Amino acid sequence: MKYDYKQYEKHWQNKWEEDKVFVCDIDKSKKKFYGLVEFPYPSGAGMHVGHIKAYGGLEVITRKKRMEGYNVLFPIGFDAFGLPTENYAIKTNTHPRTVTDNNIAKFTSQMKRVGFGFDWTRVIDTTEEDYYKWTQWIFLKLFEHGYVFRDKASVNYCPSCRCVLSNEDSQGGKCDICHSDVVQKSKDVWYLRITKYADKLLQGLKDVDYLPNIVLQQENWIGKSEGAFASFALKEVDEKLRIYTTRPDTMFGVTFMVMAPEHPLIDKYAEKIGNMSDVIAYREECAKKTEFERTQLNKDKTGVKLQGLTAINPLSGKEVPIFISDYVMMGYGTGAIMAVPAHDERDFEFAKKFGVDIIPVIKGGDGESAYTGDGEMINSEFLNGISNKKEAVSAAIKVLEEKGLGEGGTQFKMKDWAFNRQRYWGEPIPIVHCQHCGDVAVPYDELPLRLPNMEQFVPGEGGESPLAKVESFVNCVCPKCGAPAKRETDTMPQWAGSSWYFLRYLDPHNEKEFCSKEALDYWMPVDWYNGGMEHVTRHMIYSRFWHRFLYDIGEVNTPEPYAKRTAQGLILGPDGEKMSKSRGNVVDPNEIVDKYGADVLRVYIMFMGDYEKASPWSDSSVRGCKRFLDRVAGMAEMFGCASTAESESALHKLIKKVTSDIDNMKFNTAIAAMMSYINGVYDAGAINRDELKVFVTLLAPFAPHLAEEMWHDLGESTYVSLTPWPKYDESKTVDNTVEIAVQFLGKLKGTVVVPADADENTAWEIIEKSGVLDQALEGKTIVKKIYVKGRIFNVVAK
RNA sequence: GCCGGUGUGGCGGAAUCGGCAGACGCCCGAGACUUAAAAUCUCGUGGGAUUAUAUCCCGUACCGGUUCGACCCCGGUCACCGGCACCA
């Protein structure tokens with residue numbers, strides 16, 4: 001075998017590194033292209049074939065861009081703080097630093113074996129001091145500008161990890177790391193005010209080119225709703241109960257109010273409430289439920305009617321009772337609602353159970369269930385007769401405003417970002433607690449605040465951070481007043497380091513700034529970011545928030561970090577199930593590289609299906625790709641013939657197809673086109689030498705090692721990886737004659753070959769001469785002829 | 001429950017704008033080469049009827065519609081996948 005991958009893959013990887021083929025620098029004479037992939041979490045298991053797919057897409061794209069003359073930045077690094085490493089370290093009694101270093105070494109060698117064209121001079125590791133120094137620096141900027149606050153709150157807590165989780169990390173009531181049930185616990189929590197950016201994050205989606213489902217998921221996560229705030233006066237005390245509603249049009253249908261069990265007004269007026277003991281009992285009952293139980297749909301509505309407190313409808317003046325119930329959450333809106341059972345399903349269910357009045361205010365309901373549709377207003381005084389939608393909504397808001405009892409307003413589902421973790425392996429939060437000054441920022445010039453070296457870092461039973469045990473770390477002096485003080489001992493969540501890493505790549509060795517202005521000006525924004533769908537509502541939201549904040553304080557030059565975002569589909573196991581250790585269906589990329597070489601692995605993963613969709617692994621299809629590359633290599637012994645108009649046309653069509661397919665991430669059809677081309681060459685038994693060279697350049701982004709080797713054997717002394725991408729001549733991709741389908745009443749009867757520019761009459765003459773329609777048309781009269789140039793000729797006859 | 005997405009041969013998947021369904025690959029079958037096997041090469045391969053070739057019928061989850069013509073558009077149904085989930 002002339003082309004044995006074992007002989008040349010390593011060779012070319014070394015050559016690329018020696019000659020800095022993928023190393024880039026600012027070059028204002030060239031157009032830049034910044035391609036970004038989600039840097040890996042270096043787990044002990046090593047790389048997964050899914051990593052190869054995730055990076056493979058932009059690997060092909062950036063290689064092509066480089067050949068097209070762009071100055072390409074395609075960096076890689078490691079997102080290495082986090083619980084899995086820490087848990088593994090505890091289990092094996094190894095320091096997380098050692099675990100991390102080992103895992104990074106493993107990932108690095110694996111990625112190099114696959115031949116990815118990363119700029120290895122820019123590698124970053126979020127756990128290095130010179131990196132997390134700047135993570136802390138950004139945190140302090142957020143603190144300085146009032147985006148950090150501390151609160152005692154009921155939070156998502158994972159009993160197994162002994163750690164607080166953000167809303168994003170406990171989706172579905174499960175811990176994202178260990179999948180245990182998350183419980184609610186009252187804890188001291190550091191929050192980042194991401195909600196202040198809710199509107200900007202939403203608006204920003206209009207200026208970027210993300211896949212539509214990514215935009216939609218982010219919009220849903222941010223969850224903007226429009227409605228009104230209204231104040232219901234309490235009859236017995238001088239107090240107003242403020243509520244939020246999206247349906248101010250239905251305000252005349254309010255028959256009761258509901259407050260969250262934890263609502264502060266309850267405690268404020270405890271002595272006015274006749275049945276406070278029932279309230280306390282109900283609260284205890286609610287506290288016992290897990291988040292999951294509490295949010296289960298279709299469960300029975302529960303609640304307690306408050307005795308001794310009554311609300312007054314600001315529009316109608318009517319008095320209505322007040323309940324507490326856990327179907328109203330303290331964390332959304334104002335923690336209290338006006339209930340309109342005639343037009344809200346939950347309120348309806350509650351009213352039925354507790355025997356409260358149901359007053360319809362919109363025509364159209366049947367009284368059997370809540371009517372949530374639109375219609376004409378009834379039973380609503382000044383709103384009667386108009387449509388509920390826009391008219392009644394704005395009329396109701398107008399009157400509320402006139403009375404000073406409410407106003408239009410918006411609400412977001414997104415919550416503030418719970419930012420502290422009671423674990424060791426993370427960035428220390430650079431805050432000092434001083435008895436006199438409160439929470440004080442560590443001065444910028446004292447950064448990095450180093451993570452102390454520890455031998456034992458199991459978190460405390462009570463959920464306190466392991467750092468609390470290190471007295472030399474905890475005890476310090478207040479930077480403001482110099483009095484003895486204590487350091488914050490919690491660390492940042494895993495998502496901190498990844499919220500700005502794409503900026504550090506631009507200038508990874510800068511000791512004075514997180515990134516130079518010059519580098520920001522040249523490289524930002526990221527032109528194309530590819531990654532997994534699982535990061536759409538976390539990493540992407542977080543990093544967009546940080547970036548937008550940095551933009552607002554003048555530290556970066558673009559409001560949005562990522563101009564374009566795509567996502568690859570999963571690689572499933574051969575059984576069609578998600579790959580997992582427990583199912584035993586995981587494919588190790590190393591084995592494929594050992595057996596067939598990196599190029600085969602790369603080509604197969606790009607060929608296996610639509611890049612954006614999930615598809616199952618198939619070992620025999622891998623062999624098909626091996627066969628393809630063998631056939632490519634085999635062409636090296638087939639050149640020598642002259643180029644013909646036909647061969648030239650085939651090649652130009654191929655250039656066109658591969659070029660546009662790569663741009664559209666249709667890697668599978670690009671490879672299919674190359675396979676077809678090769679089949680044509682084998683049919684002909686020969687290929688022209690120059691045409692083979694063009695083919696090799698087209699193959700280079702997919703199978704770069706074989707391409708370099710063949711390029712070299714074709715007598716070239718340059719790198720094919722740096723060779724200009726071939727251009728096609730549109731006129732050579734168009735055929736002179738085309739085969740068109742001939743149909744009778746839309747059914748295929750045969751095909752004929754006609755000149756590509758043939759008009760209807762010419763085409764019809766050819767069809768008549770061919771006789772394909774003779775049988776179908778026998779004894780019939782032609783009613784209509786439909787001719788689509790280059791496609792079909794359909795005849796309608798009776 | 002709500003919001004998305006998907007549904008095409010034995011399998012992975014193709015199919016610009018509504019215009020030859022099944023490209024390309026896998027699997028399988030036949031042949032060539034070989035003492036033989038592997039590898040390689042060549043050919044065949046949606047299902048059915050029939051006289052192998054000609055010809056005809058059926059076929060893109062299901063039911064119906066629009067159209068000369070529908071995998072594609074419209075209405076309805078089912079299944080699977082993903083996201084959100086008492087958000088007032």
Side-chain angles (χ1 to χ4, degrees), chain A residues 1 171-173 212-221 223-225 227 243-247 250 258 260 292 294-299 301 325-329 331-340 344-347 349-350 411-415 533-534 536-537 569-570 572 574 576 578 603-604 607-610 612-625 627-628 630-631 634 660 666 668-679 682-683 739-751 775 783-797:
Chain A
M1 183 76 222
Q171 297 179 26
N213 57 333
I214 294 176
V215 172
L216 205 77
Q217 260 191 48
Q218 293 203 0
E219 282 173 351
N220 288 343
W221 186 257
K224 183 175 184 170
S225 84
I243 59 100
Y244 175 73
T245 179
T246 54
R247 298 294 303 274
T250 62
V258 186
F292 184 70
R294 192 169 163 172
T295 56
Q296 272 287 7
L297 206 68
N298 294 333
K299 77 174 169 78
K301 292 280 180 289
S325 174
D326 64 355
Y327 84 88
V328 173
M329 310 287 152
Y332 183 79
T334 62
I337 61 156
M338 60 176 216
V340 185
D344 180 282
E345 281 164 24
R346 294 150 304 173
D347 298 347
E349 208 185 311
F350 192 90
Q411 277 294 298
F412 295 93
K413 284 188 200 172
M414 190 166 68
K415 305 251 185 2
M533 281 307 289
E534 70 275 18
V536 164
T537 53
L570 290 177
L572 305 173
K578 200 171 166 174
V603 168
Y604 171 63
F607 179 65
M608 59 195 298
D610 184 337
E612 289 171 12
K613 292 197 189 115
S615 37
W617 185 269
S618 157
D619 281 323
S620 50
S621 289
V622 176
R623 287 194 290 275
C625 291
R627 234 167 267 160
F628 163 62
D630 284 345
R631 279 162 72 86
S660 72
K666 300 288 177 201
N668 53 338
T669 50
I671 293 168
M674 289 192 270
M675 288 173 168
S676 291
Y677 179 82
I678 292 276
N679 290 346
Y682 272 71
D683 286 345
E739 193 186 53
I740 64 166
V742 182
Q743 297 179 338
F744 171 67
L745 294 174
K747 289 205 173 195
L748 183 69
K749 293 292 158 187
T751 59
Q775 203 182 327
V783 179
K784 199 173 173 183
K785 290 186 218 145
I786 297 118
Y787 174 52
V788 181
K789 235 180 212 178
R791 299 254 177 213
I792 59 123
F793 200 116
N794 187 15
V795 178
V796 184

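Labels below follow one simple rule: chain letters A, B, ... track the order of the sequence lines, proteins then strands, and each chain is numbered from 1. Quick caveat: nothing in here was measured; it's all calculated off a predicted structure.
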With rounding to the nearest 0.5 Å, note down the distance linking [atom1] in [X] to [atom2] in [Y].
X      : Y      : atom1 : atom2 : result
A/Q218 : A/N213 : CD    : CG    : 10.5 Å
A/Q411 : A/T246 : CD    : OG1   : 11.0 Å
A/I740 : A/K789 : CD1   : NZ    : 11.5 Å

Taking only the [atom1] atom of each, what is the distance from [N] to [M] in whole angstrom?
N      : M      : atom1 : result
B/rA39 : B/rC57 : C1'   : 43 Å
B/rA52 : B/rC43 : C1'   : 15 Å
B/rA61 : B/rC71 : P     : 9 Å
B/rG47 : B/rA21 : C1'   : 14 Å
B/rC24 : B/rU8  : C1'   : 15 Å
B/rA38 : B/rC33 : C1'   : 13 Å
B/rG65 : B/rC72 : P     : 14 Å
B/rA88 : B/rC73 : C1'   : 38 Å

Closest to the [X] side chain: [options]?
X      : options                : value
A/Y682 : B/rC27, B/rU42, B/rA88 : B/rU42
A/R791 : B/rC20, B/rU16, B/rG4  : B/rU16
A/I786 : B/rU6, B/rG4, B/rG19   : B/rG19
A/K784 : B/rG25, B/rC68, B/rC24 : B/rC68
A/S620 : B/rU16, B/rA23, B/rC26 : B/rC26
A/M675 : B/rG25, B/rG19, B/rC58 : B/rG25
A/T669 : B/rC56, B/rG19, B/rA23 : B/rA23
A/S676 : B/rA14, B/rC24, B/rG12 : B/rC24

Contact under 4.0 Å: [X] side-chain N or O vs [N] OP1/OP2:
X      : N      : result
A/S225 : B/rA88 : yes
A/R623 : B/rA39 : no
A/R627 : B/rC27 : yes
A/K747 : B/rC58 : yes
A/Y244 : B/rA88 : no
A/N668 : B/rA14 : yes

When we call it a touch if two heavy atoms are under 4.0 Å apart, what does [X] touch: a base, just sugar-phosphate, or nothing?
X      : value
A/G223 : nothing
A/F607 : base
A/P212 : nothing
A/L216 : sugar-phosphate
A/A336 : nothing
A/N794 : base
A/Q411 : nothing
A/V796 : sugar-phosphate

Quick one: does [X]'s side chain have a donor or acceptor within less than 3.5 Å of a partner on [Y]'s backbone?
X      : Y      : answer
A/S676 : A/A672 : yes
A/Y604 : A/W617 : no
A/Y327 : A/K301 : no

Could you give the [atom1]-to-[atom2] distance, from [X] to [N], as a whole number of Å?
X      : N      : atom1 : atom2 : answer
A/R631 : B/rU40 : CZ    : P     : 10 Å
A/N679 : B/rU40 : CG    : P     : 14 Å
A/Q743 : B/rC20 : CD    : P     : 7 Å
A/W617 : B/rG25 : CH2   : P     : 19 Å
A/D683 : B/rC43 : CG    : P     : 6 Å
A/L570 : B/rU6  : CG    : P     : 17 Å
A/K578 : B/rC80 : NZ    : P     : 19 Å
A/I740 : B/rG19 : CD1   : C1'   : 11 Å

Residues that A/F607 engages under ring pair (Phe, Tyr, Trp, His ring centres under 6.0 Å), provided they are two or more places apart: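 None.
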
According to the Watson-Crick and G-U wobble definitions, with both distances under 3.5 Å, which nucleotide is paired to [N]?
N      : answer
B/rG18 : none
B/rC72 : none
B/rG82 : B/rC3
B/rG12 : B/rC24
B/rU45 : none
B/rA32 : B/rU40
B/rA52 : none

Mind telling me whether B/rG48 is syn or anti, cutoff 90° either side of 0?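 Here the answer is anti: the torsion falls beyond 90° from 0.
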
task: Could you tell me whether B/rC17 is syn or anti, where syn means a glycosidic angle within 90 degrees of zero?
output: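 Syn, which is what one calls it when the glycosidic angle falls within 90° of 0.
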
* Asked: Considering only heavy atoms from C-beta outward, does the side chain of A/V796 approach that of A/L745 to under 4.5 Å?
  ->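 They are in contact (side-chain heavy atoms under 4.5 Å apart), so the answer is yes.
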
5' priority, RNA chain B, between A/F744 and A/M608 [closest heavy atom]: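 The residue whose closest nucleotide sits nearer the 5' end is A/M608.
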
If you assign A/L745 and A/A673 each to the RNA chain B nucleotide with the nearest heavy atom, which residue ends up on the more 5' nucleotide?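 Taking each residue's closest nucleotide, the earlier one in sequence belongs to A/A673.
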
- prompt: Is there a side chain to side chain contact (heavy atoms under 4.5 Å, CB included) between A/I678 and A/M675 once you walk through the steps?
  reply: CA-CA 5 Å; A/I678 292 276; A/M675 288 173 168; 5.6 Å; no

Discussion item. For a side chain to side chain contact (heavy atoms under 4.5 Å, CB included) check, start with the C-alpha distance between A/M608 and A/V622, then their side-chain angles and the critical distance, and finish with the verdict.
Written reply: CA-CA 9 Å; A/M608 59 195 298; A/V622 176; over 6 Å; no

